[in-house]
Enquirer: 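The structure follows.
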Amino acid sequence: MLLAFDVGNSNIVIGVYKGKELITNWRMSTDKSKTADELGMFVTQLFKHENLKMDDVSAVIISSVVPTIMYSLEHMSRKYCNKEAIVVGPGIKTGMNVKYDNPRQVGADRIVNGVSAFHKYGGPLIVVDFGTATTFCAISDKCEYLGGVISPGIKITSDALFQRAAKLTRVELAKPDKVICKNTTQSIQSGIIYGNVGLVDYLVERMKEELKGDDIKVIATGGLSNLIATESRTIETVDRFLTLDGLQLIYEMNKERI
């Protein structure tokens, strides 16, 4: 079995693959202070809940945008899985040519998403990932990472609003029936949800103009992707497991390292 970790600033998504099949997955909050033993015991308990055995893990792969948690994760892999983890980064085969001015500046999650989306849907395409930041990545029909956009994520913008506006309270991230609302709670929800729909559609349309291609697919992923995609006129497909599937693909490209 392959144990895959997608480490974001807010959440860690964990997936277990048997061959190419994702057999289970979990989501946990990212806690930079967790030790290798705390992470190892947590994952061990998740495995027990699903009647899986840590001894059956044949490989571990990690994609992370949180450098401070990497020591604990890699040590956990050695101690609890007896495996040296494959870490997505420089020197790892991805099959993608990165056209960024400095390729090292591209987050591992963006590369993994691009590789996954290209293999699953073909190119050219745009990947929109709703995470701590909302990222937009342009991938060519030759599996080239052309560049993209980074904007504050939905939760970041909503948290900033509540922190800086003394009379506004936190609200559930839910979609009101109308844009024009008659109470403060729904007015905030309208601004957050429909405002982000407008952001996504405008940026995707501008990216399509610059790409100047035909049949440019738009794929969304991330925890809040469904909330925005139901109103967006540009998002075509929501793929919840895009990043995990990309990790499985990259593992197949690099498994001779094990």
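Only this structure's heavy atoms are used, side chains among them; waters, hydrogens and symmetry mates stay out.
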Enquirer: If we ignore hydrogens and angles and just use 3.5 Å, is the side chain of Ser58 paired with the main-chain N or O of Met1 as donor and acceptor?
Expert: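 Side chain of Ser58 to backbone of Met1, a donor-acceptor pair under 3.5 Å: yes, one is there.
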Enquirer: Tell me every residue that passes salt bridge (charged side-chain N to carboxylate O under 4.0 Å, His left out) with Asp141, counting only those two or more places apart in sequence or in another chain.
Expert: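 Asp141: no salt bridge (charged side-chain N to carboxylate O under 4.0 Å, His left out) contacts found.
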Enquirer: Looking only at atom types and distance, does a side-chain atom of Glu74 sit under 3.5 Å from a main-chain N or O of Tyr71, one as donor and one as acceptor?
Expert: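 Side chain of Glu74 to backbone of Tyr71, a donor-acceptor pair under 3.5 Å: no, none is there.
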Enquirer: For the CG atom of Leu39 and the CE atom of Met76, what is their distance to the nearest 0.5 Å?
Expert: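 It comes to 6.0 Å.
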Enquirer: Any side-chain heavy atom of His75 within less than 4.5 Å of one from Met70?
Expert: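 A side-chain contact is absent here, since even the closest heavy-atom pair is not under 4.5 Å.
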Enquirer: If only atom types and distance count, is the side chain of Ser77 paired as donor or acceptor with the main-chain N or O of Leu73 below 3.5 Å?
Expert: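 Answer holds: no.
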Enquirer: Give me each pair satisfying ring-ring contact (aromatic ring centres under 6.0 Å, His included) with a member in residues 29-59, each pair once, sequence neighbours excluded.
Expert: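 Those involving residues 29-59 are Trp26-Phe47.
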Enquirer: Roughly how far, to the nearest 0.5 Å, is the CG atom of Asp201 from the OG atom of Ser232?
Expert: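 Reported value, rounded in 0.5 Å steps: 3.5 Å.
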Enquirer: Grouping I, L, V, M, F, W and Y whenever their side-chain heavy atoms are under 4.5 Å apart, do Met28 and Met54 come out in a common cluster?
Expert: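 Yes; tracing contacts between hydrophobic side chains, which count when under 4.5 Å, links both residues.
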Enquirer: Below 3.5 Å, can you tabulate the donor-acceptor pairs from side chains in residues 60-69 to any protein atom, sequence neighbours excluded?
Expert:
residue: Ser64; atom: OG; partner: Val66; partner atom: N; Å: 3.0
residue: Ser64; atom: OG; partner: Val66; partner atom: O; Å: 3.2

Enquirer: Would you mind listing every ring-ring contact (aromatic ring centres under 6.0 Å, His included) that reaches into residues 109-142, with sequence neighbours excluded?
Expert: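 Those involving residues 109-142 do not exist here.
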Enquirer: Quick one: do Leu46 and Phe5 end up in the same hydrophobic cluster if we chain Ile, Leu, Val, Met, Phe, Trp and Tyr together by side-chain heavy atoms under 4.5 Å apart?
Expert: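 They do share one cluster, since a chain of ILVMFWY contacts under 4.5 Å joins Leu46 to Phe5.
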Enquirer: Quick one: list whatever passes salt bridge (charged side-chain N to carboxylate O under 4.0 Å, His left out) with Glu252, sequence neighbours left out.
Expert: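 Partners of Glu252 by the salt bridge (charged side-chain N to carboxylate O under 4.0 Å, His left out) criterion, ordered by chain and then number, come out as Lys255.
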Enquirer: Can you name the residues that form a salt bridge (charged side-chain N to carboxylate O under 4.0 Å, His left out) with Lys79, not counting sequence neighbours?
Expert: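 With sequence neighbours excluded, Lys79 shows a salt bridge (charged side-chain N to carboxylate O under 4.0 Å, His left out) to Asp37, given in chain and number order.
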Enquirer: Does any N or O in the side chain of Gln189 come within less than 3.5 Å of the main-chain N or O of Glu172, such that one atom is a donor and the other an acceptor?
Expert: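 Yes, because the side chain of Gln189 sits within donor-acceptor range (under 3.5 Å) of the backbone of Glu172.
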Enquirer: Please find the pair of heavy atoms, one from Asn9 and one from Thr132, that lie closest to each other, and give the distance.
Expert: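 Shortest heavy-atom contact: CB-OG1, 3.5 Å.
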Enquirer: With a 4.5 Å cut-off on side-chain heavy atoms, are Val238 and Thr221 touching?
Expert: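 Side chain of Thr221 against side chain of Val238, heavy atoms only: no contact under 4.5 Å found.
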Enquirer: Going by heavy atoms in the side chains, are Thr243 and Val13 under 4.5 Å from each other?
Expert: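 Sidechains of Val13 and Thr243: no contact.
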Enquirer: With salt bridge (Lys or Arg N to Asp or Glu O under 4.0 Å) as the rule and sequence neighbours excluded, what pairs involving residues 47-59 come up?
Expert: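 Counting only pairs at least two positions apart or across chains, no salt bridge (Lys or Arg N to Asp or Glu O under 4.0 Å) contact touches residues 47-59.
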Enquirer: Using atom types as modelled and distance alone, determine if a side-chain donor or acceptor of Ser116 lies under 3.5 Å from a backbone N or O of Asn113.
Expert: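 No.
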Enquirer: Sort out for me which residue in Thr24, Asp245, Asn25 forms a side chain to side chain donor-acceptor pair (under 3.5 Å) with Tyr17.
Expert: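 Running side chain to side chain donor-acceptor pair (under 3.5 Å) over Thr24, Asp245, Asn25 with Tyr17 returns exactly one hit, Asp245.
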Enquirer: Report yes if the side chains of Val128 and Ile219 come closer than 4.5 Å at any heavy-atom pair, otherwise no.
Expert: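 No, too far: nothing below the 4.5 Å cut-off.
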Enquirer: Identify all side-chain donor-acceptor contacts of residues 176-184 below 3.5 Å with residues at least two apart in sequence or on another chain.
Expert:
residue: Asn183; atom: OD1; partner: Thr185; partner atom: N; Å: 3.3
residue: Asn183; atom: OD1; partner: Gln186; partner atom: N; Å: 2.8
residue: Asn183; atom: ND2; partner: Gln186; partner atom: OE1; Å: 3.4

Enquirer: Is there a side-chain contact between Leu2 and Gln248 (heavy atoms, below 4.5 Å)?
Expert: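 When only atoms from C-beta onward are counted, Gln248 and Leu2 do touch, with a gap below 4.5 Å.
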Enquirer: Identify every side-chain donor-acceptor pair in residues 204-212 under 3.5 Å, counting partners at least two apart or on other chains, and give the distances.
Expert:
residue: Glu205; atom: OE1; partner: Arg233; partner atom: NH2; Å: 3.4
residue: Glu205; atom: OE2; partner: Arg233; partner atom: NE; Å: 2.8
residue: Glu205; atom: OE2; partner: Arg233; partner atom: NH2; Å: 3.0
residue: Arg206; atom: NH1; partner: Tyr202; partner atom: OH; Å: 2.9

Enquirer: Not counting sequence neighbours, which residues clear salt bridge (charged side-chain N to carboxylate O under 4.0 Å, His left out) with Arg240? List them please.
Expert: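 Salt bridge (charged side-chain N to carboxylate O under 4.0 Å, His left out) list for Arg240, sorted by chain: empty.
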Enquirer: So, the side chain of Ser158 versus the backbone of Ile154: is there a donor-acceptor pair under 3.5 Å, distance only?
Expert: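 Present.
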Enquirer: Using a 4.5 Å cut-off on heavy atoms from C-beta on, say whether the side chain of Arg170 contacts that of Asp159.
Expert: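 Asp159 reaches Arg170 side chain to side chain.
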Enquirer: Side-chain polar contacts of residues 98-111 - donor-acceptor pairs under 3.5 angstrom, sequence neighbours left out - could you list them?
Expert:
residue: Asn102; atom: OD1; partner: Arg104; partner atom: N; Å: 3.1
residue: Arg110; atom: NE; partner: Tyr145; partner atom: OH; Å: 3.1
residue: Arg110; atom: NH2; partner: Tyr145; partner atom: OH; Å: 2.9

Enquirer: Asn254 side chain to Lys93 main-chain N or O, any donor-acceptor pair under 3.5 Å?
Expert: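 Yes, the answer is positive, given that a donor and an acceptor are paired below the 3.5 Å cut-off.
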Enquirer: Could you tell me which residues satisfy side-chain contact (heavy atoms from CB on, under 4.5 Å) with Ala160, sequence neighbours excluded, listed by chain and number?
Expert: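 Checked Ala160 against side-chain contact (heavy atoms from CB on, under 4.5 Å); zero matches.
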